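For the numbers below, each heavy atom of this structure counts, side chains included, while hydrogens, waters and symmetry mates do not. Quick caveat: nothing in here was measured; it's all calculated off a predicted structure. For the single chain, residues carry numbers from 1 onward in sequence order.
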Amino acid sequence: MKRVSFAEFGGPDVLRLTDAEEPHAGPGQIRIAVRAAGVNPVDWRIREGQFQKVRPIELPAGVGQDASGVVDEVGQGVDGIKVGDHVFGRGSSAYAEFAVLSAWAPIPEGLSFEEAAGYPSVVETALRIMRQVGVRPGQTLLVSGASGGVGSAALQIARDRGITVIGTAGAANQDYLRGLGAVATTYGEGWVERVRQLGRVDAALDLAGSGVIGELVELTGDPQKVISIADLTAPDFGARYSGVTGNVPEALAEAADLIARGKLHIPVERSYMLAEAASAHIDSQAGHTRGRRVIVI
C-alpha cells in the first residue's frame, strides 16, 4: 500500500509517499480502507520531534491519527461492527491507503467521508479541555484562536450547553465565528480591552499558542481557569497545558449525537491528495484555518 512517512525529524520536506506493508487489525481493533484522513497540528509537531522527550517514537514513522473509511478487517473481541461499515475514528499512520483504528463510531447519516475525517481529534480535544477548565452553563468562555477545528467544535459544544462564548480570530473569520454562535472579536493590539468590553470572562482556552497566557490569566483572574493545548509555557503562568488524550470512544459518540441533532458542523476548508501531505502541513502550520483540512485517498 501507499503511505506517508518520515525517516528523520524536520520540516515538511521530510515527508515521503512510500510503499509499505499493509497493517492488520489486532484484538480490539479494526482496519479500514481509508477514504480521508484529518490533518491536525499534533501531526506536524510529532514530525518535528517536539514530543520525543515525553512520547518517543521510532523512525521511520507514519503520520496522522484521524481517519474515515470502510471497514475491511475486524479484530478479535470486537462486536457491533462488520466489514463494509462506514466509520470514523482514531488510530495511527492514517495518511495511508489502509489504517488500523483503536476507537471508532459509525459515520452519521448525511456526512461524507471527507467531512467525517475532520472530527475525531478536534471533538475529543474540545470536550476534554472544556471539562478540565470547568466552565458551566450560564458562564462565559473565552476561546483564543477560535476559527480552527478545535475552536469550531468548542464554540458549538459550548453553545449547546448554554455557555456564552467569546472567540478571537483574524478579521476574515469574524463572520464565521458569529455563524457558530460566538461573540467575535479580533486578536492583535488592544484585544484584551476589546474582550473586557464584551463582558466578564469565567474561563479561557488557548488554542493557537500565540503567547497570550498571561493576558488570559488576567482576564479570568484565576490561572486554573486557563488551559492551553498549544503553549508549553502555560504552567509558567500557573495555567495548565493539556496534551493527554481523553476518552476517545465517548467523544466520538458525543460527536455523532451532536452532528445528528444538527448542533455540530465543522466545514472542510481544503482537501489534499496523499502526495500533497507536505503542503497540508505547511498550510496547517501557517494557521488561520477556518474549520478543517483533510487528506483524501
Side-chain angles (χ1 to χ4, degrees), residues 4 32-46 63-70 86-96 99 101-129 143 145-157 160 167 169 173 176-177 179-180 207-208 229-230 245-246 248-249 251-274 276-277 279-297:
V4 174
I32 62 170
V34 180
R35 294 293 181 262
V39 177
N40 295 295
V42 69
D43 299 345
W44 51 261
R45 290 190 171 111
I46 291 172
V63 190
Q65 57 188 16
D66 290 352
S68 64
V70 181
H86 293 185
V87 300
F88 68 128
R90 172 84 70 85
S92 60
S93 300
Y95 296 12
L101 301 184
S102 53
W104 59 87
I107 294 178
E109 186 176 350
L111 205 65
S112 69
F113 286 118
E114 190 173 348
E115 291 171 316
Y119 284 90
S121 286
V122 299
V123 174
E124 184 280 317
T125 301
L127 289 168
R128 167 170 33 97
I129 59 180
V143 180
S147 64
V150 176
S152 298
L155 295 186
Q156 294 174 81
I157 293 168
D160 186 58
N173 286 325
Y176 173 72
L177 296 188
L180 297 182
L207 309 183
I229 61 168
T245 299
V248 180
L252 292 170
E254 184 155 354
D257 174 67
L258 287 162
I259 293 165
R261 292 192 290 114
K263 299 296 185 179
L264 178 63
H265 172 69
I266 304 176
V268 174
E269 180 179 52
R270 183 175 171 185
S271 59
Y272 306 77
M273 301 303 292
L274 201 54
E276 298 175 311
S279 294
H281 278 208
I282 290 170
D283 291 345
S284 177
Q285 287 186 253
H288 309 294
T289 301
R290 180 182 298 180
R292 304 291 290 119
R293 302 180 189 277
V294 300
I295 290 174
V296 176
I297 291 81

**Prompt:** Tell me, do Ser121 and Val42 make a side-chain contact under 4.5 Å, heavy atoms counted?
**Reply:** no
Note: Pro108 and Ile259 closest approach over all heavy atoms is CB-CG2, 3.9 Å
In terms of heavy-atom contacts, Ala116 and Ser68 come closest through CB-CB, 4.1 Å
Here the gap from Arg35 atom CZ to Ile295 atom CD1, rounded to the nearest 0.5 Å, amounts to 15.5 Å
CG of Leu101 to CG of Asp66, rounded to nearest 0.5 Å, is 9.5 Å
Closest heavy-atom pair, Ala103 versus Val248, reported as atoms and distance to 0.1 Å, is CB-CG1, 3.6 Å
- Message: Any heavy-atom pair between the side chains of Arg90 and Thr245 that's under 4.5 Å?
- Response: yes
Notebook entry, point to check: Any side-chain heavy atom of Phe113 sitting closer than 4.5 Å to one from Val70?
Noted result: yes
CD (Gln285) and CH2 (Trp44) are apart, to the nearest 0.5 Å, by 4.5 Å
Any side-chain heavy atom of Val123 sitting closer than 4.5 Å to one from Glu254? no
To the nearest 0.5 Å, atom OG of Ser279 lies from atom CE of Met273 at 12.5 Å
| query | Would you say Asp43 and Asn40 make side-chain contact, with heavy atoms under 4.5 Å? | reply | yes
Tell me if a side-chain donor or acceptor on Glu124 pairs with a main-chain N or O of Gly246 at a distance below 3.5 Å.
yes
Using modelled atom types and a 3.5 Å cut-off, is there a donor and acceptor pairing between side-chain atoms of Gln156 and backbone atoms of His265? yes
One should read off an interatomic distance between Arg270 CZ and Ser284 OG, to the nearest 0.5 angstrom, of 12.0 Å
Original post:
Taking Asp283 for the side chain and Ala280 for the main chain, is one N or O donor matched with an acceptor at less than 3.5 Å?
Top reply: no
Open item on the list: Quick one, Val143 and Leu177 - any side-chain contact, counting heavy atoms below 4.5 Å?
Closed with: no
Scanning both residues in full, the closest heavy-atom pair of Ser147 with Asn173 reads OG-ND2, 3.2 Å
query = Would you call the rings of Phe88 and Tyr119 parallel, tilted or perpendicular, where under 30° means parallel and over 60° means perpendicular?
reply = perpendicular
Nearest heavy-atom contact between Leu252 and Ala105 is CB-CB, 3.9 Å
For Ile157 and Ala126, the nearest pair of non-hydrogen atoms, with its separation, is CD1-CB, 4.1 Å
Rounded to the nearest 0.5 Å, the CD atom of Glu269 sits from the OH atom of Tyr176 at a distance of 9.0 Å
### Query
Are any side-chain N or O atoms of Arg292 and backbone N or O atoms of Val39, one a donor and one an acceptor, separated by less than 3.5 Å?
yes
Within a strict 4.5 Å, meaning less than it, do heavy atoms of the Val122 and Ser152 side chains meet?
no
